[in-house]
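Below, chain A is the first sequence line, B the second, and so on; all start at residue 1. Note that the coordinates shown come from a computational prediction; the quantities given were computed from them, not determined experimentally.
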Amino acid sequence: MLPKTYDPKPVEEKRIALWESVEAPGAQTAKGSFVVVIPPPNVTGALHLGHALNLSIQDALVRWRRLQGARTVWVPGTDHGGIATQNVMEKSLKAAGETRMSLGRDEFVRRLRSWTEECRGTIRKQMKRLGAALDWERDAFTMDQDRARAVFAAFKALWEDGLVYRGERLVNWCVRCGTALSDIEVEREERKGRLWHIRYPEAGKGRDSGLVVATTRPETMLGDAAVAVHPDDARYRAIVGKRLTLPLVGREIPVVADAAVEAAFGTGAVKVTPAHDPDDFEIGGRHKLAAIKVIGPDGKMTAEAGAYAGLSREAARDKVVADLEAGGFLVKTEDHRHAVGVCYRCSTTIEPLLSEQWFVRMEELARPALAAIEKGDFRIFPANWEKPYIEWLRRLKDWCVSRQIWWGHRIPVWYCRTCYDERGAARRPDAKPQVGLEAPARCPVCGGRDFFQDPDVLDTWFSSALWPISVFGWPEETDDLKSFYPTDVLVTGYEILYLWVARMQMMGLRFRKSVPFRHALIHGIVRDKKGRKMSKSLGNVVDPLDMIPKYGADALRFSLLSQAHPGRDIPFAEDSLIGPRNFANKIWNATRFVLSNLPETPPAKPYAVSGGLELADRWIVGEFASMRRFLEEKIESYEIASAAGEIYGFLWDKFCDWHLELSKIRLQGEDPAAKETARGVLVCVLARTLRLLSPFMPFITEELLEALAPYVGRLSEEDLKEDSKSREEMSRVIEATSALRSLRAHLNVPPGRPIRVTAVGNGAAAESLKAQAPYLRFLAKIESLEFSVSGAKPAHSATAVACGLTFYVPLEGLIDLAKERARLEKELAKAESELQKIALKAENPEFLARAPEPEKALAHAARQSARDKKESLLRTLAELD
RNA sequence: GGGCCGUUAGCUCAGCGGCAGAGCGUCCGCCUUACACGCGGAAGGCCGCAGGUUCGAACCCUGCACGGCCCACCA
């Protein structure tokens, strides 16, 4: 016998062990296939609630399609996580008093490899505990051998097609991480800063000559190459072409006219520092200005900065400002809020830095991706993400893919020591780097035999971009690739839509000529209950592994899924696990009840739904059918939360509260045939509902289904029709029951005390209720129930009005006249306001003239019943004794 | 500067043209032999504001306000 309260722990342990030992369902090709590739979590530690959400959604989809008979493939995996992972390792080294330099590259990478293995083990275990039905034999890692082969193949192909190039460009540099970043890896942060107004005097003239520039970064003035003004700016027309003396430095710089200058901002004159500002770099290019690097990769001032060399960016700023002020060049200082670029991994202010990097040319890659979304070959759910996605693809600039870190795929490029110096700078104009996994034998340019490999690694997102093809063995033309690519849906958060989703589209289209996934389901971020992002520093991180022992994995999944509206963030409160935990217990007990009403030894012929159905049976079967259809539609459109809510309501509010209760009449009764019918419906409907619920709550449902299995027989598809007639009849039973229960509660009739009821009224409703009298008797605990077409109110009775009938309940001695009058008056007031509202609509000539017929009929009927109710209440009040 | 999303019951959110819904919380009864992680009953809403379209608007349109997010080269 099952325990009274559901205890998730033993069930989960048992199921996990069982799933471990059983092969995933084999090829059932009849109903097609469903392929999903996991967004591989970084190997930076344990999984968080966001991962739990992501996994729960995918698992629900995969299990759902598996139920439908599809061959499902869900590929697990992890991502080496580049900078993020390296940072984690560096932090732990620091705690041990070491640095990556002290370890050396080989040892550092070796340690990361071993950490990775440990971390992958943790992640796998966590995924299993959540119940994720992944195909573990396919487990992949972005830095394992197969994936490395794909990375090399992709790099080589892009190189050969001229889409990869090396060049000196202004890139986003994180001085803390010591590496270049791509544009999307830079986040914007509003910071309060200042706007310094600095006078740049005309060369050879006095302190008051020249013009005043406004800047937020005075320290970069040391590298100024010009001052720019707008060509149409009348204030400065005369000075364009003249030369200025750069304060503190003494260098002469020109005044140039450039349309990029915003005349209305600041003073309308902008200092141009090509080596330290992206816009200035552009201007510098147009006017052939020198790019003077005054800040180095370490964030400190270079030798070019003269007296400031060696100072940090921040210290140099202070000193420059002080010196400008001392020299009388500082005109004024204003407070100024502006957005500063910061590293997405460590929030350090980004330094635009001129350096030699590897880039991927994006235009040709983006074009097919744009076409795919515009043609609908690729769709995003919710669709409102499509517009920003398209915009992003249109504006795409080249992708800086080299990173000056150690953890990642080493760039497969070799430099000949004759053609290049040790820092990779070309010694001769025709020098050409060689792409290969190994050093080439001879340099095709100079015949040299001595090579060194590029020290940089590739952006971690480069390997991620190849994920949907690399997991199936690309560049080999594998069977997997042929059968499983393109995949069906990618489930991920909006925060990596550009960083990852767009790039997979581009690479998939480039190398496989078709989209890597037809749909992207974008879910939100799991936040804390105040709506803040979960972060270690805020201390508001909720660990899924803390929640599972307390509430169960099914409850955690169901909680997240119930809130997983496409694209919406989830403010997560631990309280949200209570409902789902209780729900699991409810299911458990419903099944326990059903089982307890079945013989211990399963019958030779399992219980089926066949003849002899009564209203409650027809009703629940019809409701089941409509619930199932709803679920199919919602899951099809990825509205997981709606689907979860629907099945919850069906099981609890319909199956348990009404059908199961009504079944008790027959189960406790004496009619063996009726008993069998009731058992059949209970078993079949419950089992089928559990099956539909299993994608959401796999542990408990599988456990219970296993217990039910020997009893479950057929519930034929023909019988699974929505049944509006039964729904209507049942709704009357429910309405009348509720009215009588309400009356009992208001008049404090103890629940255990039976009542006698006289129902007065005629018509179809009366007839149908009369037919269901046993239901009413049972549900409202009525000892005698009489129906009459007309009749006066019996003495000392309370009254309930429902379904066009008046129910009199004699309550000698129990009835408090004043209380009853008050209750009835309240009812009457409610009925009157209802009638007024509906009458206003039903009698409105405009409504009658223009509204569609069914709508009018509905309004008419509603008015009639509101009127009946009011009259019945009025009569009752008049007769009140 | 552009774009997107949100504003509905005390809290967290569904609903997105035809009499305002759920979960949690609150109040009142109940250990009614499946479940007190439960059962029954209730209270609680100018559906952000102002216009418009419509017979009819929480829902569609236009503004506005307040939150949040994304993108963007005002130094």
* Identify the two heavy atoms, one from A/T215 and one from A/R217, that lie closest to each other, and give their separation to 0.1 Å. => OG1-N, 2.9 Å

* Asked: Looking at A/R527 and A/R532, what are the two nearest heavy atoms and their distance?
  -> CB-O, 3.1 Å

Is [X] close enough to [N] that one of its side-chain N or O atoms is under 4.0 Å from OP1 or OP2 there?
X: A/R568; N: B/A14; answer: yes
X: A/K856; N: B/C55; answer: no
X: A/K4; N: B/U33; answer: no
X: A/N582; N: B/G38; answer: yes

* To do: Determine the interplanar angle of the A/F583 and A/Y648 rings, folded into 0 to 90°, and report it as parallel if under 30°, tilted if 30 to 60°, perpendicular if over 60°.
  => tilted

* Take the angle between the ring planes of A/W588 and A/Y6 and call it parallel below 30°, perpendicular above 60°, tilted in between. => tilted

* To do: Look at atom CD of A/E600 and say whether more than 12 heavy atoms of other residues, nucleotides or ligands are closer to it than 6.0 Å.
  => no

To the nearest 0.5 Å, what is the distance between [atom1] ([X]) and [atom2] ([Y])?
X: A/T701; Y: A/L693; atom1: OG1; atom2: CG; answer: 5.5 Å
X: A/N172; Y: A/C400; atom1: CG; atom2: SG; answer: 8.0 Å
X: A/T333; Y: A/L195; atom1: OG1; atom2: CG; answer: 9.0 Å

* To do: May I ask you to check if A/K664 and A/F593 form a cation-pi contact, with NZ or CZ under 6.0 angstrom from the six-membered ring centre and within 45° of the axis?
  => yes

* Honestly, is A/R317 close enough over A/W196, meaning NZ or CZ under 6.0 Å from the six-membered ring centre and within 45° of the axis? -> no

Please write out each protein N/O paired with an N/O of nucleotides 16-19 of chain B under 3.5 Å, distance rounded to 0.1 Å.
| unit_1 | atom_1 | unit_2 | atom_2 | d |
| --- | --- | --- | --- | --- |
| B/G18 | O2' | A/K841 | NZ | 2.5 |
| B/G18 | O2' | A/E855 | OE2 | 3.1 |
| B/C19 | O2' | A/K837 | NZ | 3.3 |

Using atom [atom1] of [X] as one end and atom [atom2] of [N] as the other, report the distance to the nearest whole Å.
X: A/L848; N: B/U54; atom1: CG; atom2: C1'; answer: 16 Å
X: A/H565; N: B/G23; atom1: NE2; atom2: P; answer: 14 Å
X: A/R744; N: B/G41; atom1: CZ; atom2: C1'; answer: 12 Å
X: A/I380; N: B/G3; atom1: CD1; atom2: P; answer: 19 Å

For [X], answer base if it contacts any base atom (sugar-phosphate contacts may also be present), sugar-phosphate if it contacts only those atoms, and nothing otherwise; contact means non-hydrogen atoms under 4.0 Å.
X: A/R581; result: base
X: A/Q668; result: nothing
X: A/L660; result: base
X: A/A590; result: base
X: A/S596; result: nothing
X: A/K550; result: nothing
X: A/W652; result: sugar-phosphate
X: A/D657; result: sugar-phosphate

* How far, in whole Å, is B/A20 from B/C46 if one measures between their C1' atoms? -> 13 Å

* To do: Using a 4.0 Å heavy-atom cut-off, write out nucleotides 67-75 of chain B from 5' to 3' as B (base contacted by protein), S (sugar-phosphate only) or - (no contact).
  => ---SS-BBB

* Asked: Counting side-chain heavy atoms from CB outward, which of B/G23, B/G41, B/A36 is closest to A/H746?
  -> B/G41

* Structure fact -> Counting only Watson-Crick and G-U wobble pairs with both atom distances below 3.5 Å, the stems of 3 or more consecutive pairs that include RNA chain B are B:1-7 with B:65-71, B:10-13 with B:21-24, B:26-30 with B:38-42, B:48-52 with B:60-64

* Distance-only donor-acceptor test (3.5 Å): side chain A/K387, base B/C4 -> no

* To do: Please state whether the base of B/A14 and the side chain of A/Q563 form at least one donor-acceptor pair under 3.5 Å?
  => no

* Passing candidate, side-chain contact (heavy atoms from CB on, under 4.5 Å) with A/V809, options A/T799, A/V749, A/L747, A/I755 -> A/I755

* To do: Taking atom types as modelled, find out whether A/Y344 and A/E185 have a side-chain donor-acceptor pair closer than 3.5 angstrom.
  => yes

* Check whether any side-chain heavy atom of A/D258 sits under 4.5 Å from a side-chain heavy atom of A/H230, and report yes or no. => no

